Structure formats: C-alpha cells, structure tokens
Amino acid sequence: MLQKSSFVLLLFVSVLSSVIFAAELVPLPTSLKVDAKKVQLGKKLFLDPILSKDKKFSCMTCHNLLHNGADNSAYTKGIDEKKGHFNVPTVYNAVYNFRQFWDGRAKNLKEQALNPIINPVEMGNSMPVVLRDLKKNKEYSALFEALYDDGITEDNLAEVLAEFEKALITPNSPFDRYLNGDINALNKYEIEGYRLFKTKGCISCHNGINIGANLYNKFGIYKDADSEELGRYNTTHREEDKYVFKVPSLRNVALTAPYMHDGRAKTLEDAVNIMTKYQLGRPMKKDDLLHIVEFLNTLTGELPEIVKDIDVQHQ
Amino acid sequence: MFSINSFFKKNVDGAMILLLFFVVSLAILFYYLQNVNTNIKNNDQYMNGVVKLQNYNQAIDNTLMRSYRYLDNDQIAETTKQFDIELLALQENEIHVAFSSEVAALLKQISTLYEIKTDVIERFKTLNARIISAVYYLYELEISLRQKDIENGQVQKLLGDILYKIGQVFMGRDLDELHLEQDLVSLNLHRSGDEVLDYFYGHSKQVLKDIRALNSLLKQNKTLALDDTIDSLSVLLEYESRRNKQAEGMIGQAFFIFALIILIVLVYTYLKVLRNRAEVFYLAYHDTLTKLPNRAEFERYINERVNEKHKGKKNFIVLFIDLDRFKIINDTLGHDIGDEMLVVLADRISNILGKGNLLARIGGDEFVSIIENKKDIDSIDILVNKIASIIREPIQIREYSLNTSASIGIAKYPDDGQTKSMLLKHADSAMYHAKDNGGDTYAFYTEQLSIKIHRRLELEQELVHALKKQEFILHYQPQYHLSTAKITGAEALIRWNSPVLGNVSPVEFIPVAEDTGLIVELGYFVFRSACQEYMKWKDQGLELNLIAINISSVQLRQADAFENFKSIIDETGIEAKNIEIELTERYIMEYATGKLTILDDLRSLGCRISIDDFGTGYSSMSYLKSLSIDTIKIDKSFISEITTNEHDAQVAKTIIVLSQSLGYEVIAEGVETLEQENVLRSYNCDMAQGYYFAKPMDSESFIHIYHEKQIL
C-alpha cells in the first residue's frame with residue numbers, strides 16, 4: 001500500500017512540477033501593427049478635454065501617458081471633484097488584457113473607450129453632446145471624413161481611440177531583455193525573485209504576455225478581503241463570483257502605485273504581502289518577499305515613441 | 001419585286017425579334033449564373049465560417065479536457081475572441097437572407113449557448129489556476145511536514161492519503177469525494193493549532209471545494225452541447241445550400257432550355273427563310289408558266305457575259321425568237337390554249353438548244369436565247385433552222401392542232417455589239433427585219449438594219465408633224481393616150497420636202513405612214529388636194545378625164561372611209577367619174593375575200609377603180625371579175641425591159657389583150673423610151689405614163705405642159 005501510494009505520489013509530483021514549470025513568461029513585441037492615421041486622430045482625441053462635460057478633463061488626465069498610463073491615486077477623480085470607485089488601471093499594454101475594466105465587462109479596447117466619457121463620476125458627458133461638439137470642430141470633421149464615409153459616429157470615435165491605445169505598449173523592460181537572451185539584464189536577486197515568483201505560485205495567475213490580465217480570480221481566497229466592490233457578481237449575480245475581479249497585469253507595476261482595485265496597497269511590498277496572505281494563503285519569508293519585489297521592479301518597460309512628443313504641460 | 005421585299009421584311013423582322021429574345025435570355029442566363037456563382041462562393045464561405053466555429057469550439061472543448069494542467073490563458077482568450085468574431089460575422093453577413101429563419105434562429109441559439117460557455121471557460125480557468133497553485137503548495141507542505149518529525153504517524157498518513165486522493169484526480173481518475181471529506185474531517189480534528197497543518201487543512205478544503213466546482217462545471221459544459229448545436233447549423237446550412245443550389249440549378253436549366261428553344265426556333269426560322277429565299281429567288285428569276293429563266297435572269301446572265309473580265313471573252317450569239325401572229329391564237333382560242341402552246345414551244349426550243357445554251361422567255365410570245373456552245377455558234381444557221389422548223393411543227397392541244405411560226409433575229413457578240421444594250425437592240429432589229437419579211441424566217445443583223453431602223457424612226461418622228469407643218473405637196477404625172485399623145489389624166493403623187501430630212505421618197509415614207517396609221521390623215525389630205533387641184537385645173541380650162549389618186553388599203557379599212565371620201569367629193573365639187581382610185585393588186589384580193597363594201601360604194605358613186613402595179617401581186621381572174629374595175633396599170637417592171645426581154649414583152653402583151661377583152665383600159669407605167677412606146681403602141685396599149693412623156697411635176701408645171709401638149 002505504501003509502495004503504491006508513494007509511487008503514485010511520485011508520479012503526481014512529477015506531473016505537478018512539469019505543470020508548474022511549464023508556465024513561463026514571455027516578452028512584449030517591440031511594436032504592433034496599427035493604422036497610422038487612426039492612431040494620430042485617436043491620440044489627438046485622447047489628449048483633448050473636448051470629450052469631457054466641463055471641457056477640462058481628457059483621457060490623459062487620469063491616464064498619464066508620460067508616466068505610468070494611470071495616475072497616483074487610489075480612486076479615480078472625475079469632473080466636479082467626483083470620486084470614483086476604482087483604482088485607475090494603466091492604459092499601457094492594455095491591448096493585451098483579455099478584457100477591460102476590473103470586472104471585465106468590456107470585451108476589448110473599443111468597447112471600453114467611450115465608457116469614461118459618459119461615466120458621471122469620470123468625464124460626465126453624453127454621447128450626443130460629444131458628437132455635436134466634435135462635428136462643430138472643423139479639424140475633427142475633416143479628419144474623420146478622411147477616414148470614414150459616415151464621418152463622426154460613436155463607433156468611429158471608439159475605434160480611433162482604441163487604435164491609439166493599441167500603440168501604447170512598453171517593450172524592452174529589463175525582464176523582457178532578460179527573456180530575450182540578455183542574461184545581464186537582471187541581477188541575481190532579481191533572477192531569484194523570478195524563481196520565487198514561479199515557485200510560490202504567483203505565476204499561476206499572473207502569466208502570459210501581460211504577466212496577468214488573462215483570467216479572473218477571487219480577491220480573498222484564503223482570507224476575506226473586505227472589498228467594497230463586488231466585481232463580477234454585479235454581472236453574473238452568482239455567489240461564487242463575489243469579489244471576483246480581473247487579475248491585473250504586473251507590467252510597469254513599479255510605477256502604478258497604489259495597488260489593488262481599491263488602491264489599498266501603497267507599496268509593492270504591501271501588495272505582495274496582501275497577495276501572499278489572501279491569494280496564496282501561505283507564509284512568505286521577508287527575504288523572499290523582497291526578492292520578489294525586486295523582480296517586479298524589472299517589469300518596467302520603455303515609453304513608446306508616440307507619446308514622446310506630448311507636452312508635459314498637457315495635464 | 002415589291003412582294004419579294006415585303007416577304008423578306010416580314011421574315012427578317014420576326015427573326016430579329018427572336019434573335020433579340022435569344023440574346024436577352026442568354027444575357028439573363030449569364031447574369032443569373034454569375035449571380036449563382038457568387039452565391040455559391042458566398043455560401044461556401046459562409047459554411048466555412050461555421051466550420052471555423054466548430055474548430056474554435058473544439059479547441060475550447062479540448063482546453064476543458066485539460067483540467068489540472070497548465071493552460072495557456074492567452075491562447076484561450078484568443079480562441080474565444082475568434083469564435084466571437086466569427087459568430088458575429090455570420091450573423092451580420094448579408095448572405096443570411098439566402099437562408100431560412102431557422103438558420104438565424106440557430107445562430108441566435110449558438111450565441112446564447114456560447115455566452116454561457118465563455119462564462120464556463122472563465123470559471124474553469126479560475127478554478128484550474130487555484131487548484132494547481134494550492135496543490136503545489138500542499139505538496140510543499142507535505143514535504144516540510146515530513147521533514148518536521150511529527151510524532152503523530154496518523155497525521156502523517158492522513159496527509160499522505162489526502163495528497164494521494166488529490167493526486168488521483170491529477171492522474172485523471174475520479175475524485176474519491178466521500179473519503180477525502182472524511183480525511184479532511186479527521187485532519188481538522190488533529191490540527192491542534194499547528195500552523196503548517198492549518199495551512200494544509202485550509203488549502204485541502206479549498207482544493208476539494210474547487211475540484212467539486214470544476215467537476216460540476218464540466219458537467220454543465222456537457223449539457224450545453226454547443227458542438228451539437230453548431231453541427232445542426234452546419235447540417236442545416238448544407239441542406240439549405242444544396243436545396244438553394246438545386247433551385248438555382250433548375251432555374252438556370254429552365255433559362256437554358258428557354259434559350260435553347262429560342263435558338264432552335266431561330267435556326268428553324270432561318271432555314272425556312274433560306275429555303276423561302278431560294279424559292280423566291282427562283283421565282284424572281286424564272287417564268288412561272290414555262291419555267292424558263294425570265295427577263296431578269298436573262299439580263300443578269302447577259303450582263304455577266306458581257307462584263308466578264310477574264311481574257312479571251314467567249315463569243316456568243318443572241319437569238320430573238322418572236323412567235324408570229326401569236327396574239328391571234330390567244331385572242332381567238334383563249335389564253336389557256338395559248339399558255340399551253342407556249343409551254344410546248346418552250347420545251348421544244350429548249351430541247352433543240354441543249355444544255356450549253358440559255359433560253360429565256362422575256363415577253364408574252366418572245367423568247368431569247370444565248371448561244372454559247374461553240375459548235376452551235378459555228379453552225380448557227382443550222383441551229384436556227386432547226387428551231388424554226390420545230391416551231392413550225394403542229395402543236396396538239398386538246399382537240400386543236402395548232403400551227404405557228406417564228407421570226408428569229410440573230411446578233412453576234414462581239415461583232416454586232418460590244419455592250420449589252422447594243423447587242424440586244426441589234427438582235428431586236430434583226431428580228432423585226434425577219435418579221436418585215438413576212439415572218440417564219442430568220443435574219444442576221446447587218447449594219448444596214450440599223451441605219452434602216454434609224455431612218456425609219458426619223459421618218460416616223462418627222463411624219464407626225466409633217467402634215468401640220470404643210471411639208472407635203474402633190475406632184476402630178478400626166479397620163480396620155482398612146483396613139484394621140486393627148487393628156488387624158490394625171491396621177492397625183494405625194495411629195496415630202498422635210499426641212500430636217502430633205503426630200504423623202506414616198507417609197508420610204510408611205511409604208512411608215514401605213515404602219516403608224518398616219519396614212520389615214522395623209523390619205524385624206526392627198527385626196528382632198530388632188531380633187532381641189534382638179535377643180536382648179538378645170539377652171540383654168542384643162543379638160544382631163546380623170547385624176548388618179550393612190551389610196552392605201554389601210555385607209556380603206558377605216559370604218560368611216562366612205563363617208564369621208566364622199567364628203568370631200570361633195571366639198572370640192574368634183575364629179576365622182578373624174579376620180580380614179582388606184583389600188584394595189586393585193587388589196588383587191590383582200591377586198592374580194594373580205595366583208596368590206598367601200599369600193600362598191602365608191603364605185604356606185606361613180607368613181608373609177610384602177611389596179612396599180614398589175615402583174616406583181618396576187619392576181620386571180622375571179623377577183624378581177626367580182627369587182628368591176630376600170631383600168632389595169634401594167635407594172636413598170638414589165639415595161640422597162642419590154643424591148644429586150646421577150647418574156648416581159650409577152651406578159652405585157654397578154655395583160656393588154658386580157659384586160660381589153662374584159663373591157664378594161666390598160667395603161668403602161670414607167671415608159672421611158674420611144675422604143676417602149678412603139679412596142680406598146682404595137683400591142684395596142686391604150687395609155688402610158690412615164691418619164692419619156694413627162695416626169696411628175698407640180699401643179700403649175702402641169703398646167704403649162706398641158707397647154708403645151710395640146711397645141712401639138
């Protein structure tokens with residue numbers, strides 16, 4: 001009996017290891033194919049407060065393209081000082097998210113694009129007004145006419161914004177360079193951090209090209225997370241979907257403090273701590289944690305060319 | 001020709017419409033087939049889309065079979081996205097309308113099921129990730145616990161059991177839920193605050209919960225049976241597509257058959273038109289009665305021959321064959337007989353001519369032949385004789401045995417004319433010449449003929465106006481007593497001085513006048529003028545027995561001739577007994593056998609009658625007897641050689657004796673010498689007329705001569 005069970009165990013372990021170690025991370029490509037004209041128009045609109053009700057807020061306001069593609073606060077701050085419910089996720093590499101929004105209700109960038117515009121606690125505008133304002137603008141009219149037979153429409157607006165966002169990827173992080181063969185890109189602690197990232201099981205959820213953002217999981221598996229937001233429950237109304245959110249991407253995570261959907265973790269250390277307790281449900285030695293944090297710091301990529309000419313004043 | 005044109009027009013128009021129909025239906029068919037082709041392509045593309053759906057779904061199902069294994073979440077996200085896109089494409093594709101609402105309903109169903117499936121997939125991913133992560137930790141924990149030297153072997157065993165059961169699931173075996181639960185309950189009891197055991201317990205519980213959830217999820221997926229629905233769609237599409245193809249195929253076929261029918265009708269019509277055209281063509285160029293080529297064909301044929309461009313143009317001969325007095329047969333016996341005659345004659349002549357020579361009917365009783373056979377050309381007279389004799393042969397039609405003959409004119413190409421018109425004109429002239437010679441003969445064209453006919457035409461033209469223009473005058477030739485040399489009478493002779501033609505001899509223009517009927521008016525003019533002149537002479541003291549006036553038989557055939565003559569006699573006041581009417585021998589015979597009474601009437605008035613040119617025509621005693629005449633005029637042909645030709649002398653003598661014995665007076669014409677006079681005197685001829693005594697002269701001169709001679 002013991003013989004049999006240990007044999008089975010052995011087999012099981014080898015399977016398990018192969019499974020776990022089959023998970024590897026992959027680097028970003030240096031560029032994506034995009035429609036240049038649409039990108040330019042999208043960029044123009046992204047930076048333009050014309051989209052907001054008070055004409056003071058642009059997409060850039062919350063998604064700072066010159067820094068982290070997000071902001072530095074726990075919650076969104078909309079027009080008229082309205083406070084939102086979620087930590088601004090970064091727009092960088094968002095093209096690789098399998099869904100958009102913390103609850104994954106938008107299938108892709110295009111489906112997400114117009115929501116902030118009409119969200120009352122964000123840009124607080126309405127689509128008819130936006131379209132009207134855009135149509136009044138000769139330059140936008142001309143630019144849209146050049147690209148679309150039907151000119152300025154909701155669909156076309158979303159499309160050009162999404163096309164612009166597609167171009168916002170941050171390749172060549174030190175980790176990516178390491179994955180691409182540059183063994184000197186990481187130091188030994190960072191490498192150790194990566195190993196721990198895998199063996200501790202972080203990689204079981206944060207995997208794929210965007211190091212996360214390709215599945216949902218419950219926030220607070222082994223410990224109750226006390227979240228205000230219910231996540232997927234709002235759409236599915238299933239008990240098991242309470243506090244289920246989209247696993248966020250860890251790319252550029254060093255820049256996007258605070259962390260979690262409600263911004264409760266101020267530092268990476270805090271974040272990793274929370275993750276270990278709530279998600280992994282296991283203890284973590286301090287050293288290990290620090291190594292992991294060091295590893296996470298290597299995930300910061302380069303800003304794309306397209307944002308390099310944006311005026312710093314433009315906020 | 002008009003009927004041929006309209007015939008063609010009708011048929012061609014119909015053909016045009018049919019052709020149009022054909023082209024149009026062909027165009028429609030072509031367009032339709034193009035459409036069908038596009039439809040098929042689109043259909044296939046559409047069905048390919050459904051196949052893609054099946055593939056994506058299959059991939060997703062494959063993923064769901066990989067529980068407890070590493071999942072490529074990016075890949076799964078990509079696959080689900082593709083399915084979504086494809087499904088949307090299928091739903092929005094225009095080709096939708098080609099399929100029934102069932103297809104749309106199925107697509108909707110697929111969409112609904114798929115939404116559920118994506119949800120399943122997401123939960124699967126989540127559960128799978130949790131389970132793997134937790135189990136890996138459990139394993140770590142188990143090792144660390146083993147290393148930790150736990151006194152309680154039971155706990156150790158428990159941990160092992162739990163791991164073992166979980167391991168079984170990883171191996172693909174069913175979860176021993178019941179026992180695992182029991183194990184967990186046991187572990188819970190033995191936890192006793194050991195942190196590691198706590199971790200173990202917590203994670204095991206979570207794993208069990210998650211495995212249960214995973215299993216029910218997989219069951220849910222099975223009940224979804226999305227693959228079955230997609231398969232149904234595929235089957236339905238195929239069925240409908242095939243049905244559509246069949247329908248389209250049938251429509252295509254129908255169009256094709258329709259076009260084919262029109263084509264057949266078109267071809268049939270065309271063939272009919274061709275056949276008709278051939279028939280019409282034949283009719284256009286052939287005489288319906290005799291089946292010979294007609295004038296049109298003849299013209300064409302001869303044009304061809306004359307215009308042939310190759311060297312060494314062949315010679316040929318044109319024959320104009322005109323049936324003599326055919327009109328009489330037609331008029332008396334009827335046209336059917338006449339037609340049958342023509343058919344027979346056409347046949348006969350054809351046979352004589354043979355294959356190499358063309359025979360055509362160009363008129364009611366006119367035929368023309370083109371002789372091209374060299375042998376025939378060389379011995380043309382033999383051929384023509386053959387034709388003439390074959391025509392002469394009696395024709396048996398019903399109870400009649402009919403006879404006719406032909407006048408044949410012959411003209412040679414290129415000798416007698418190098419153009420068609422010249423050639424035909426000359427053949428015609430030759431034919432008329434033959435006719436002039438009494439018919440039933442043939443004549444070659446000569447140069448003279450042309451001149452003659454030309455002259456004749458000229459005369460005709462001038463004659464018409466000559467009388468009005470007073471171009472005619474009368475000359476008078478004295479008739480004298482041979483023994484006394486006294487002038488007893490005068491013959492009035494017409495003279496014509498045409499400003500255009502000059503002096504035209506009566507020998508020339510009288511026949512023309514007779515042919516054209518102008519003789520009638522001319523005759524009355526002569527008669528009147530002569531009578532008037534006689535009265536004038538009488539006033540001047542001339543005592544003549546008579547004035548002799550030539551009257552044409554044509555004139556005498558006029559119904560009102562007698563009345564007219566009588567009225568002139570009355571008008572002029574001349575005594576009838578002083579008029580001597582000169583007639584030809586031929587006319588006498590005609591008169592004798594005819595029903596006319598004019599001569600008798602004139603005679604009863606008192607006119608005298610003399611026979612001119614006696615001895616040259618038909619003379620029959622009984623005729624002479626039947627009509628009491630007064631004078632016989634011996635033709636000058638007997639007088640001119642009376643001194644040298646014994647025969648002529650005897651004839652003259654006989655005539656004189658005979659005539660006198662019958663009580664007629666005899667006058668000799670054309671006495672030109674004293675010797676002739678002497679001979680005639682010796683024969684006891686009564687009178688004479690001739691150059692020796694006096695030539696014909698105008699009235700003034702006559703009066704003068706009269707007085708002169710009277711003195712003598």
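Because the structure is predicted, anything quoted here is derived from the model rather than measured. Chain letters run A, B, ... following the sequence lines, proteins first, then strands; residues in each count from 1.
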Atom [atom1] of [X] with >12 non-hydrogen neighbours under 6.0 angstrom:
{"X": "B:Q91", "atom1": "CD", "result": "yes"}
{"X": "B:E102", "atom1": "CD", "result": "no"}
{"X": "A:K242", "atom1": "NZ", "result": "yes"}

Let me confirm one number: the [atom1]-[atom2] distance from [X] to [Y], rounded to the nearest 0.5 Å.
{"X": "B:Y136", "Y": "A:S204", "atom1": "OH", "atom2": "OG", "answer": "11.0 Å"}
{"X": "B:E122", "Y": "A:D241", "atom1": "CD", "atom2": "CG", "answer": "10.5 Å"}
{"X": "B:I85", "Y": "A:N108", "atom1": "CD1", "atom2": "CG", "answer": "8.5 Å"}

Under a 4.5 Å cutoff for heavy-atom pairs, which residue among [options] has the most contacts with chain B?
{"options": "A:K107, A:R99, A:Q279, A:K200", "answer": "A:K107"}
{"options": "A:G208, A:G201, A:G104, A:P283", "answer": "A:P283"}
{"options": "A:N207, A:I209, A:L215", "answer": "A:L215"}

Notebook entry, point to check: For the side chain of B:T126 and the backbone of A:Y216, is there at least one donor-acceptor N/O pair under 3.5 Å apart?
Noted result: yes
So which heavy atom on [X] is nearest to which on [Y], and how close?
{"X": "B:Y137", "Y": "A:G281", "value": "CE2-O, 4.0 Å"}
{"X": "B:G202", "Y": "A:Y222", "value": "O-CE2, 4.1 Å"}
{"X": "B:R130", "Y": "A:I221", "value": "CD-CD1, 3.3 Å"}

Next item on the list: Against chain A, label B:D84 side chain, backbone, both or neither, depending on which of its atoms sit under 4.5 Å from a heavy atom there.
Entry: side chain
Next item on the list: Go through the atoms of B:A134 and report whether side chain, backbone, both or neither lie under 4.5 Å from a heavy atom of chain A.
Entry: both
Checklist line | Verdict with supporting geometry, B:Y70 and A:E24, side chain to side chain contact (heavy atoms under 4.5 Å, CB included) | finding: CA-CA 10 Å; B:Y70 166 71; A:E24 281 290 350; over 6 Å; no
Margin query: Looking only at heavy atoms and a cut-off of under 4.5 Å, which of B:D119, B:L127, B:I121 has the most pairs with chain A?
Written below: B:D119
Notebook entry, point to check: In terms of heavy-atom pairs under 4.5 Å, which option from B:E140, B:R123, B:K205 contacts chain A the most?
Noted result: B:R123
Notebook entry, point to check: Between A:R232 and chain B, which part of the residue has a heavy atom less than 4.5 Å away: side chain, backbone, both or neither?
Noted result: side chain
